[in-house]
Amino acid sequence: EVQLQASGGGLVQAGGSLRLSCQGSGLPFDEQYGIGWFRQAPGKDREGVSCINSIDGSTYYADSVKGRFTISSDNAKNMVYLQLNNLKPDDTAVYYCGYETHFCSWSLLSYEYWGQGTQVTVSS
């Protein structure tokens, strides 16, 4: 079965950087799937941040993070990273990585498996 573990969150000042990691296990070999990053801030719904497809390598970003966040993957290691640069207080949230069976989607309902989430806190 697929399992995901998110890590790398922490407390940073505005303008700082973090690199989040999503370690997968049980991911299918030589098949297309999507690994998406979603975040949930206090009092808000979970929203899509970024996503990457395993085979075609397509990447996607929410408008709010374009130019600041970069998603990348190492399929051999079943690892997906999210580099967070120029962080803003509005980026404060719990960040989750999720597995979509076929390819990236902005709908959280499309994701079959989720990691436990990692807290990112940006102070002003």
Side-chain angles (χ1 to χ4, degrees):
E1 69 180 30
V2 173
Q3 296 187 76
L4 303 174
Q5 182 175 351
S7 62
L11 173 63
V12 298
Q13 295 180 339
S17 298
L18 287 170
R19 189 176 79 157
L20 308 183
S21 298
C22 179
Q23 176 68 68
S25 64
L27 301 178
F29 177 76
D30 199 26
E31 291 185 12
Q32 179 88 312
Y33 55 86
I35 299 293
W37 286 96
F38 289 72
R39 67 186 182 187
Q40 188 164 21
K44 300 184 67 176
D45 294 331
R46 190 173 300 188
E47 64 176 355
V49 176
S50 187
C51 192
I52 187 167
N53 287 331
S54 63
I55 299 299
D56 65 33
S58 299
T59 58
Y60 305 89
Y61 298 94
D63 288 342
S64 60
V65 307
K66 285 181 179 177
R68 299 189 298 120
F69 293 4
T70 303
I71 192 168
S72 61
S73 63
D74 185 338
N75 289 344
K77 297 181 178 180
N78 286 332
M79 188 76 75
V80 174
Y81 307 97
L82 186 67
Q83 179 68 42
L84 288 63
N85 294 330
N86 192 24
L87 283 162
K88 304 175 181 179
D90 284 348
D91 295 318
T92 295
V94 177
Y95 284 70
Y96 301 88
C97 58
Y99 170 88
E100 212 282 356
T101 304
H102 300 291
F103 41 66
C104 287
S105 170
W106 286 119
S107 173
L108 64 89
L109 298 178
S110 297
Y111 290 80
E112 186 174 4
Y113 300 98
W114 294 93
Q116 83 287 358
T118 185
Q119 176 72 49
V120 171
T121 302
V122 184
S123 62
S124 60

Find the distance between [atom1] ([X]) and [atom2] ([Y]) and round it off to the nearest 0.5 Å.
X	Y	atom1	atom2	value
Ser123	Gln13	OG	CD	5.0 Å
Leu82	Tyr61	CG	OH	7.5 Å
Leu11	Leu18	CG	CG	9.0 Å
Thr59	Asn53	OG1	CG	9.0 Å
Glu47	Trp106	CD	CH2	9.5 Å

_Once salt bridge (charged side-chain N to carboxylate O under 4.0 Å, His left out) is applied, do any residues pair with Glu112, and if so which ones, sequence neighbours excluded?_
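Testing Glu112 for salt bridge (charged side-chain N to carboxylate O under 4.0 Å, His left out), a comparison that skips the adjacent residues, returns none.
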
Quick check: do [X] and [Y] have side-chain heavy atoms less than 4.5 Å from each other?
X	Y	answer
Tyr60	Ile71	no
Gln83	Ser17	yes
Gln32	His102	no
Ile52	Ser58	no
Asp30	Ile55	yes
Val80	Ser21	no
Arg68	Lys88	yes
Val94	Thr118	no

*Look at Asp63 together with Lys66 and state whether they make a salt bridge at an N to O cut-off of under 4.0 Å.*
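Result for this pair is yes, salt bridge flagged.
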
Shortest non-hydrogen separation from [X] to [Y] and the atoms involved:
X	Y	result
Cys51	Ser105	SG-N, 4.4 Å
Val2	Gly26	CG2-O, 3.5 Å
Ala93	Gln119	O-NE2, 3.4 Å
Trp37	Cys22	CZ2-CB, 3.6 Å
Gly48	Ala62	O-CB, 3.5 Å

*Does one side chain, of Asn75 or Ser54, offer a donor that lies under 3.5 Å from an acceptor on the other?*
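Absent: no donor and acceptor within the cut-off.
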
*asked:* Under 3.5 Å, is there a donor on one side chain and an acceptor on the other for Arg19 and Tyr81?
replied: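 The criterion, which ignores hydrogens and geometry beyond distance, is not satisfied for Tyr81 and Arg19.
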
*Gln116 side chain vs Ala6 backbone, donor-acceptor pair below 3.5 Å*: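 It does hold such a pair.
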
*Examine distances only and state if a side-chain atom of Glu100 and a backbone atom of Phe103 form a donor-acceptor pair shorter than 3.5 Å.*
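Checked: pair present.
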
_Neighbour count above 12 (heavy atom, 6.0 Å) for Asp45 CG_ =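 No - once you tally the heavy atoms of other residues, nucleotides and ligands closer than 6.0 Å, there are 12 at most.
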
*Centre of Tyr96's six-membered ring, under 6.0 Å away, within 45 degrees of the axis: is that where NZ or CZ of Arg46 sits?*
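Yes, Arg46 lies over the aromatic ring of Tyr96.
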
*Following the transitive rule for hydrophobic clusters with a side-chain heavy-atom cut-off under 4.5 Å over Ile, Leu, Val, Met, Phe, Trp and Tyr, establish whether Leu108 and Leu20 coincide in one cluster.*
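No, no single cluster joins them.
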
_Tell me if the centroids of the rings in Tyr99 and Tyr33 come within less than 6.0 Å of each other._
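Between Tyr33 and Tyr99, which both carry aromatic rings, the centre distance is below 6.0 Å.
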
_Taking side chain to side chain contact (heavy atoms under 4.5 Å, CB included) as the criterion, tell me which of Val49, Asn85, Asn86 meets it with Phe69._
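Of Val49, Asn85, Asn86, side chain to side chain contact (heavy atoms under 4.5 Å, CB included) with Phe69 is met by Val49 alone.
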
*asked:* Between Leu4 and Gln23, does the side-chain contact (heavy atoms from CB on, under 4.5 Å) criterion hold? Intermediate values first, please.
replied: CA-CA 6 Å; Leu4 303 174; Gln23 176 68 68; over 6 Å; no

_CA sep, side-chain torsions, deciding dist, call: Asp91, Arg39, side-chain contact (heavy atoms from CB on, under 4.5 Å)_ = CA-CA 9 Å; Asp91 295 318; Arg39 67 186 182 187; 2.9 Å; yes

*Quick one: list whatever passes ring-ring contact (aromatic ring centres under 6.0 Å, His included) with Phe38, sequence neighbours left out.*
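Checked Phe38 against ring-ring contact (aromatic ring centres under 6.0 Å, His included); matches are Tyr111, Trp114.
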
